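Keep in mind that this is a model prediction, so the values were computed, not measured. All heavy atoms count here, side chains included; hydrogens, waters and symmetry mates do not. Proteins come first, then strands; the chains are lettered A, B, ... in the order of their sequence lines, and each starts at number 1.
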Amino acid sequence: MIDLRLLEKDFPAVSAQLSLRGVPRDQLERLVGLLDQRRRQVGERDDLRAYINSASKAIGQLMAAKQLVEADTKKQEVKDKKEALLHLEDTLRTLEEQIHQQHLELPNLPAPEAPRGTSEQDNVILRTHGYDPANYTQPYRPHWELAEQWGLLDLPRAAKTTGAMFTFYRGQGAKLIRALVHLGLSLNSERYTELIPPHFVRTETLTATGQLPKFAEDAYHLPADDLWAIPTAEVPLTSYYRDEILEFDQMPQCFMAYSVCFRREAGSAGKDTRGLQRLHEFHKVELLKFVRPEQALDEHQAMLGDVERMLQVLGLPYRVLDLCTGDLGNSAARTFDLEVYAPGVGRWLEVSSVSHFSDYQCRRGNVRYRDSQGKPQFAHTLNGSGLATPRIWAALIEQGQQPDGTILLPEILHEFMGTNRMGGDESCRRF
RNA sequence: GGAGAGGUGGCCGAGUGGUCUAAGGCGCAGCACUGGAAAUGCUGUGUAGGGCAACUUACCGAGGGUUCGAAUCCCUCCCUCUCCGCCA
């Protein structure tokens with residue numbers, strides 16, 4: 001959530017920033033009107049309550065003094081005031097509900113450094129690492145073909161048991177997922193505390209990160225228990241400190257978590273879904289930090305470096321995009337996307353988003369820290385995919401492919417995989 | 001799933017309808033005492049909203065209700081613990 005006081009105090013600036021993300025000005029004007037109305041009604045309500053409180057105390061004293069007639073008169077007075085109070089509380093509740101809903105649906109303010117723009121066309125490529133188009137003059141086969149040849153995936157049987165956009169990983173293909181998860185955690189274990197989160201969360205938890213209320217149809221919901229399957233470990237991790245106040249010198253708090261991620265991908269059926277490009281269920285290592293505002297810029301860059309290092313040791317060509325204001329996720333103030341080049345599909349695949357959420361998520365989740373004066377302030381959150389395995393998996397298969405169809409693995413994975421290449425053994429073929 | 005007990009400030013803990021604006025203790029901070037410290041004494045010590053000063057309102061797991069008045073009584077839910085059952 002954004003700061004509503006800031007909206008009132010500096011309306012032109014805030015509405016200009018939000019217009020960069022397509023929030024119309026008159027919507028914000030209406031909200032400010034509601035806030036004004038609330039302030040007046042809260043004042044009236046508190047006056048009524050103050051009267052009732054003191055009168056009730058007086059009644060107690062009258063009754064103790066056995067002045068029952070006076071007490072009864074006073075009681076009737078309070079009863080009338082109480083009726084007015086109940087009515088006022090009722091309208092106020094409706095008003096606050098309205099404000100709350102509108103507030104929840106407002107996106108975050110983009111960081112001033114974020115490039116301006118309206119769509120992904122306007123994203124800025126900051127740098128490209130290890131990519132040379134001259135390497136890709138001969139045809140590369142897509143990962144689903146190679147996976148089929150060596151039995152690394154079983155998409156048809158996953159479709160049978162579960163449905164489209166799910167997969168069985170098989171043999172060395174399954175082991176490669178484990179290797180990637182292991183790598184993502186072990187490369188970062190000195191700087192981040194490992195957590196394994198619950199994979200189902202309450203509605204409040206999914207609201208804190210910003211998926212609810214706007215994006216309910218993107219998440220799997222279990223009505224019998226009113227729980228949601230997590231779309232990313234960011235969700236339980238961001239609520240880890242919900243309703244808590246952290247000490248000044250406890251910051252930053254850095255966590256990493258392996259989890260399975262579940263996404264309904266409503267509206268994207270059939271779009272770039274061949275092979276592992278888009279799955280309903282995948283495995284991911286997530287990095288997350290709670291920081292003080294003044295730490296955020298440096299920690300954001302450090303996290304970006306942590307993610308880039310993983311791509312570098314895997315030897316994957318990648319590029320870093322600075323997302324423009326129009327392409328930022330709802331909760332983010334600034335986002336760097338990392339894309340690896342997958343020559344088989346001939347596309348850059350997004351494998352990580354490293355975002356700064358300013359205090360947007362911590363307001364929703366009420367995560368605070370004590371500043372140097374000891375006053376509670378909202379913390380900032382940062383998070384980034386440490387490794388989203390399916391697309392990394394796909395890129396490794398496509399990048400490593402040899403003329404004979406076998407797949408050379410980057411050296412960092414040799415020890416874990418127990419081999420330097422995948423495929424080549426007809427016995428591993430699927431049947 | 002069944003039966004029972006419980007949830008009060010940073011922590012422990014008293015409080016079963018009316019100065020609860022929540023006792024007391026621990027912790028923490030300041031001051032005094034001291035050569036310095038310990039011990040001791042005094043003072044202070046939550047969060048949020050409104051005025052931004054005095055003041056005022058809300059918060060005793062959450063939400064609703066009863067009442068002139070609720071930490072206290074009633075209802076629903078959440079969580080913790082104990083025992084039983086089931087189970088990887």
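For B:U16, there is no paired nucleotide, since no Watson-Crick or G-U wobble pair has both relevant distances below 3.5 Å. Nucleotide B:C83 forms a pair with B:G2, judged by Watson-Crick or G-U wobble geometry with both contacts under 3.5 Å. Here B:C77 sits opposite B:G61 as a Watson-Crick or G-U wobble pair (both hydrogen-bonding atom distances under 3.5 Å). Pairing for B:A37 is absent, judged as Watson-Crick or G-U wobble with the two contacts each under 3.5 Å. With a 3.5 Å ceiling on both atom-pair distances, B:A22 lacks any Watson-Crick or G-U wobble partner. With a cut-off of 3.5 Å on both pairing distances, B:A88 has no Watson-Crick or G-U wobble partner at all. Nucleotide B:G30 has B:C42 as its partner under the Watson-Crick or G-U criteria, with both atom distances under 3.5 Å.
Between A:Glu194 and A:Leu185 the shortest side-chain heavy-atom distance falls below 4.5 Å. Two residues are said to be in side-chain contact when any heavy atoms from C-beta on lie closer than 4.5 Å; A:Pro107 and A:Val23 meet this criterion.
Taking the six-membered ring where tryptophan is involved, the planes of A:Phe200 and A:Phe262 are essentially parallel, since the angle between them stays under 30° and well short of 60°. Classified by interplanar angle (parallel below 30°, tilted 30° to 60°, perpendicular above 60°), the ring pair A:Phe166/A:His280 is tilted.
Nucleotide B:C68 holds its P atom 15 Å from the CG atom of A:Asn53, rounded to whole Å. As a whole-Å value, the separation of A:Glu77 CD from B:G69 C1' is 15 Å. Rounded to an integer number of Å, the gap from CG of A:Asp243 to P of B:G46 is 20 Å. Going from atom CD of A:Gln76 over to atom P of B:G69 covers 12 Å, rounded to whole Å. For the pair A:Leu48 CG and B:G50 P, the interatomic distance rounds to 19 Å; values are reported in whole Å. The interatomic distance linking A:Gln41 (CD) with B:U57 (P) rounds to 19 Å, in whole Å. If you measure from atom CD of A:Glu244 to atom C1' of B:G10, you get 12 Å, rounded to the nearest angstrom. Atoms NZ (A:Lys75) and P (B:U66) sit 16 Å apart, rounded to a whole Å.
Checking each of A:Ile177, A:Thr167, A:Leu276, A:Leu180 against A:Pro390 for a side-chain contact (heavy atoms from CB on, under 4.5 Å) leaves exactly one that passes, namely A:Leu276.
Residue A:Arg202 places its side chain closer to B:C78 than to any other of B:C78, B:C68, B:G50. When distances run from any side-chain atom of A:Pro376 to the nucleotides B:U47, B:G18, B:U57, the shortest one goes to B:U47. For A:Arg368, whose side chain is taken as the heavy atoms from C-beta onward, the closest listed nucleotide among B:G18, B:A48, B:G69 is B:A48. Between B:U47, B:G69, B:G50, one nucleotide has an atom nearer to the side chain of A:Ile52 than all others, and that is B:G69.
As rounded to the nearest Å, B:G51 and B:G13 have P atoms that lie 40 Å from one another. Comparing the P positions of B:A5 and B:G64 gives an interatomic distance of 27 Å, to the nearest angstrom. For B:A48 and B:G85, the P atoms lie 49 Å apart once the distance is rounded to whole Å. With P as the reference atom, B:G30 and B:A37 are 12 Å apart, rounded to whole Å. Look at the C1' atom in both B:U57 and B:U21: the space between them is 12 Å, to the nearest Å. Across the P atoms, B:C68 and B:G4 are found 34 Å apart, a figure rounded to whole Å. Look at the P atom in both B:C73 and B:U16: the space between them is 9 Å, to the nearest Å. Nucleotides B:G18 and B:A71, compared at atom P, are 11 Å apart to the nearest Å.
Residue contacts shown for A:Asp47 are absent, as no nucleic acid heavy atom lies under 4.0 Å away. As judged by a 4.0 angstrom heavy-atom cut-off over every strand, A:Arg40 is placed among residues making no nucleic acid contact. Residue contacts shown for A:Ala50 are limited to sugar-phosphate atoms, with no base heavy atom under 4.0 Å away. Contact annotation for A:Arg38: no contact, since no heavy-atom pair falls under 4.0 Å across all strands. A:Lys57 comes within contact range of at least one nucleobase, with a heavy-atom separation under 4.0 Å.
OP1 and OP2 of B:C68 both lie 4.0 Å or more from every side-chain N or O belonging to A:Lys74. Residue A:Arg49 places no side-chain N or O under 4.0 Å from the OP1 or OP2 atom of B:G49. Look at A:Arg5 and you'll find a side-chain N or O under 4.0 angstrom from OP1 or OP2 of B:G49. Regarding contacts with the backbone of B:G69, a side-chain N or O of A:Lys82 is found under 4.0 angstrom from either OP1 or OP2.
When the shell of 6.0 Å around NZ of A:Lys79 is examined, it contains 12 or fewer heavy atoms from other residues, nucleotides or ligands.
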Please walk me through it: do A:Thr209 and A:Glu234 pass side-chain hydrogen bond (donor to acceptor under 3.5 Å, both in side chains)? CA-CA 8 Å; A:Thr209 32; A:Glu234 169 193 341; 5.2 Å; no
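A:Gln253 and A:Tyr240 form no side-chain donor-acceptor contact under 3.5 Å, judged by distance and modelled atom types alone.
Between A:Met63 and A:Arg45, the residue anchored nearer the 5' end of RNA chain B, judged by the nucleotide with its closest heavy atom, is A:Met63.
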